[in-house]
Amino acid sequence: MTASPAVPPAADDTGRWLHDLVADLLPPMRSITGEGVRTTLRTVARALGPGVPFTVHEVPSGTPVLDWTVPREWNVTSARLIGPDGRTVVDAADNPLHLLGYSTPLRARMSLDELRPHLFSMPDRPDWVPYRTSYYNENWGFCLTDRQLAALPDGEYEVEIDTTLDDGGSLTYGEIVLPGETDDEFLITTHTCHPAMANDNCSGIAVAALLARTLAATERRRHTFRLLFIPGTIGSITWLAGHRADVGRVRHGLVLTGLGDRSDPTYKRSRRGAATVDRAAAVALTETGRPHRVVDFSPYGYDERQFCSPGFDLPVGRLGRGQHGEYPQYHTSADDLDFVTPESLADSYALLRRIVEICERNRTWRNTAPYGEPQLGRRGLYRAIGATMNRQAVEMALLWVLNLADGTRSLLDIAERADLPFDTVAEAADALAGVDLLADESGGPAGVGVGVGVGAGGGASGG
Amino acid sequence: MTASPAVPPAADDTGRWLHDLVADLLPPMRSITGEGVRTTLRTVARALGPGVPFTVHEVPSGTPVLDWTVPREWNVTSARLIGPDGRTVVDAADNPLHLLGYSTPLRARMSLDELRPHLFSMPDRPDWVPYRTSYYNENWGFCLTDRQLAALPDGEYEVEIDTTLDDGGSLTYGEIVLPGETDDEFLITTHTCHPAMANDNCSGIAVAALLARTLAATERRRHTFRLLFIPGTIGSITWLAGHRADVGRVRHGLVLTGLGDRSDPTYKRSRRGAATVDRAAAVALTETGRPHRVVDFSPYGYDERQFCSPGFDLPVGRLGRGQHGEYPQYHTSADDLDFVTPESLADSYALLRRIVEICERNRTWRNTAPYGEPQLGRRGLYRAIGATMNRQAVEMALLWVLNLADGTRSLLDIAERADLPFDTVAEAADALAGVDLLADESGGPAGVGVGVGVGAGGGASGG
Amino acid sequence: MTASPAVPPAADDTGRWLHDLVADLLPPMRSITGEGVRTTLRTVARALGPGVPFTVHEVPSGTPVLDWTVPREWNVTSARLIGPDGRTVVDAADNPLHLLGYSTPLRARMSLDELRPHLFSMPDRPDWVPYRTSYYNENWGFCLTDRQLAALPDGEYEVEIDTTLDDGGSLTYGEIVLPGETDDEFLITTHTCHPAMANDNCSGIAVAALLARTLAATERRRHTFRLLFIPGTIGSITWLAGHRADVGRVRHGLVLTGLGDRSDPTYKRSRRGAATVDRAAAVALTETGRPHRVVDFSPYGYDERQFCSPGFDLPVGRLGRGQHGEYPQYHTSADDLDFVTPESLADSYALLRRIVEICERNRTWRNTAPYGEPQLGRRGLYRAIGATMNRQAVEMALLWVLNLADGTRSLLDIAERADLPFDTVAEAADALAGVDLLADESGGPAGVGVGVGVGAGGGASGG
């Protein structure tokens, strides 16, 4: 483990800091429950530093959660497959992927033929070890390279799986709540269950940790931010089961996963399709001027499946880069430290920050002087000499905001209709709010009057 | 008349059976009323066989029907035009088209100049006889080839039209009602008034008859099917006038006409534009992978004009091939037995069957466990080993149905959004209904659990 | 001043008449208040002739109007800048543009350096004098060509600005109200404040005057027409302030400006985007078959900014040709009599007339016999011989109107859906209304039955 994550990154060193944290997060044997998760959350806590309130929850095995039940806690002491010649074929100590996730304990001798149904490899990628699990169907097995599998001699094998499945255990997840000026929540989640893979999902855990650290140090937050470090599927189901009454507060949400590979960034829309977070993500990606993808919701993927189930239908999208199943390294031993880059991690983090910023700044205003244009000149918001041709973007933004801020349109709506940058429109709104020409209809507190006076004492022209 | 229509077609002989029936239907002198219609309905009855309940209705002349009145019954004994040399110019016995439809009786001698306003030909198709009528404007006339017309010598002509227009007659139509599990109706209509033309509309009558025969032999019908064999315009108006209170039961409807020519199949949308039948037809046509057309509603055409009048606005579309007015043979003697093919008739019939099947199978379901994803694994509906990459279509369909079945979306909606075949989605819904994860919101009875278990005892993966 | 505007133009002399009126309107020193406006309105009154009720309103300086205050009245006796050699550099008597609009009075001597902030020129157009104003920010200044400015020698200059800003003055505007059969109003406005520029806005004033003259001579008007000749911005704000309770009557509106230049005609949509006037303008422009533009609303431009402010949100669009800021002559001395052409003025006037005509004729009808098609034949509205293929546009229009006239769709809606000319659909509606098959749902009086009988005693065909 490197020492760096304990101190925050310098602005230009974000990518390196994140990559170091990914390296720290990589080693433990992880699954949806067990000590590996707890080790992971301790690494997160260290990276967060002392200023971030981080709670680790334990939910007892057997707890009913929605249509599911929290499973027994799984822990691994050791797991080895020993060949007819007495030599170790695979050992989970070398790579957690070698053990089928949630393997039941077993000490047995058997022939290769008996063993085969329990061995998993990738014929088309003969040098990679696949990642396989069997959470809810009792089973055991080993994952190995296809080259290893092909070379196994006949004979008696020894299976030594020292695992425990404990009815008295629990499911572990981490939670950070950063209160804001309103109870409206921005929910950010990332899954903590995948072992030994850098992109899926040490990258998501690292980026979420850095966001929490940064937001905690921010002077003002309009939204309350909630960050969850949870096992995939059963973790979000467990959290949702415990918060059915509260989820109405979630105004925006993002699932973070696969943020470090070299692919272009990808945003997957929420089920709603045009939620604020969906539109903010589209703006943030478009602003980069670089290739990116925005894809529609589908009920396959990560925890957005649960947040966007029809009963909840939360405005939760997903930010990532290469999508599950698109890249060959997905769910294999090839998703390693070289597969993720500091540059991609830093770029993903910057995008996330920008999406958050847009959601923080977006509001629905109401023009308080909607009959005719208010006289901007006497309020110091209009050019002094009339009848000139140059229309500055900010002056246009003032007029657009006044014209469209009728209590139904957000700044994102106005920026889109006016074809102006979001920040220009937001600055214009702040200026107008500063002279009481706008009232906040979003429910949140009044905006900060930034003061974008365009010339002093200017007068509105009649054309 | 061939004997074949009396026995049902073998599966691979549908086209031949339909073509033989068209040949049987072709000869009689037909109009919107009269013996020709009754003869036609007897041929239909024979083709239906004994298992289909077929009712022939007689509505008295003079009955007020909506804005119209059922006209006098028209019958033809004979109709000839005799030239100055005593030779017959045209005789309706040779071809019913020679007589202007609804010609009043007349025995008269007159010059060619007096006769001319009563002679109809097609200058641009000099060898074809046109089809012309004058139902509601008392008139008489003959239709002949332009070549014949051009060769007519001056002199005295003899008009011998022995027709009757009977105030004490009636309008005749046939009706088949096949009760289903619900009172929701699927209405199928075809016009029986056109004489001596194979495509327009012996093809429609034949295809409707075969559908009735097949549906009557089907074990389960969700909808009640109503098939009408009616004269164009006045027939649908008469039926609608008598069923104003019942038309709310019509959930889907199709007007059948022009189903035998060599053109690509064409579906004309209902006035609503996106009714279930409109979407089912689009799916059925797209599934063929062959050229086809889907055209918007317009208030010109066949009986869809009446069903889609604004007061009724029923979800009734039209299935055909070449459209009225598009092909030169339309409403001429060239619309003969060679103009329709067994292949086109069989193809039209298959399309009709598929549209009916989709409407039968389409439903609006509600996910009974909408909070989070239900655990499919313990219900035997999910693969056993997690974290693999292969997503089978049916597994995706299960997730899509669960995600979108919120009581407002039909299976057609879900298939469209998921970009999956309709049958795949319908199978997934049946499987989910089979384990009580779906409740029917369509008002109909519960679906048949077909059981598409994907692996036994599989467990849902967290990604 | 030419004599011609006092008599109405011959039909083929519209462009010349308008151009002569533009020439009459050009000379006076004009601003948002003052004698120049009154002179302008007297020229308008002469052009209107005796048959048009024309009211000149005076609103006292200091009157609060919405967020504004009616400014002091500004008048100019003379304004000269005299050079070090005693020669006149610029004199407002030569061109009103030489004086900064609303310049405060001043008699002073100063160096060129002191003078410079008060001199306005156009470096990129060295031979043109720009138009500049300072209505609400006390200032003074001269506008001159950049060539003049560059040649100014050092030395003492004499500023002689003899203007008055009178607290006891008023704002002057003209108004014409032509009552119609309903209180629904068509509002037409044009700005009267710009001095010495032919296109902006003598063209608008001239075209509005001719429209008023023509409408006043029209036998029937469905709408009440209100035409306003007002100073830009403060004029519309003043009128709106005095008519807040009445603006709900405004069903259609147009701001007229820049109607004489050689650019293609341009229509700018109202804030609503699809108001009747927006759609009528689009139809009128499309019908010309010539290049044109329809642009979306933006809150920059002329008085549509006020009418379309969110509190009023009136259906007011703008008709013009080249848009403000698009052509280099905009707001300069190059916007002179040669810049506007009789052809463009006549074309703009014809477009305006057509938009007005469509709005006058557009209605929302309800089919009184909506169940099935009514029998058009017995009402003389359908062809006599059935089963023919030719579908005349007017017959199709009859069917479309009957099918879609359900009390929610206007004739513009129906024409668009049917893809038929507006006039064809309007004629069909008149014919149907003439036989009581339509009832007016627009609130206005019944239409004139124009009678487009298609053949006598025709009968509807069944296809």
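In what follows, chains carry the letters A, B, and so on, assigned in the order in which the sequence lines appear, proteins first and then strands, with residues in each chain numbered from 1. In what follows, every heavy atom counts, from backbone to side chain, and hydrogens, waters and symmetry copies are set aside.
Annotation: R251(B), atom CZ; neighbour count of heavy atoms from other residues, nucleotides and ligands within 6.0 Å does not exceed 12. More than 12 heavy atoms of other residues, nucleotides or ligands lie within 6.0 Å of CG in D167(A), so this atom counts as buried by the packing criterion.
With a 4.5 Å cut-off on non-hydrogen atoms, N403(B) touches chain A through its backbone and its side chain both. The contact between L402(B) and chain A is made entirely by backbone atoms, counting heavy-atom distances below 4.5 Å. Proximity to chain B involves both the backbone and the side chain of F297(A), based on heavy atoms less than 4.5 angstrom apart. Neither the backbone nor the side chain of R366(B) comes within less than 4.5 Å of any heavy atom of chain A. For L240(A), no part lies under 4.5 angstrom from a heavy atom of chain B.
The closest side-chain donor-acceptor pair between E360(B) and H223(B) falls under 3.5 angstrom.
At a threshold of 4.0 Å, the pair R271(A)-D406(B) counts as salt-bridged, since one of the basic side-chain nitrogens sits closer than that to a carboxylate oxygen.
When each of Y131(A), Y302(A), F339(A) is checked for a side chain to side chain contact (heavy atoms under 4.5 Å, CB included) with D200(A), only Y302(A) meets the rule.
Counting heavy-atom pairs closer than 4.5 Å to chain B, the top residue among G311(A), S309(A), P299(A) is P299(A).
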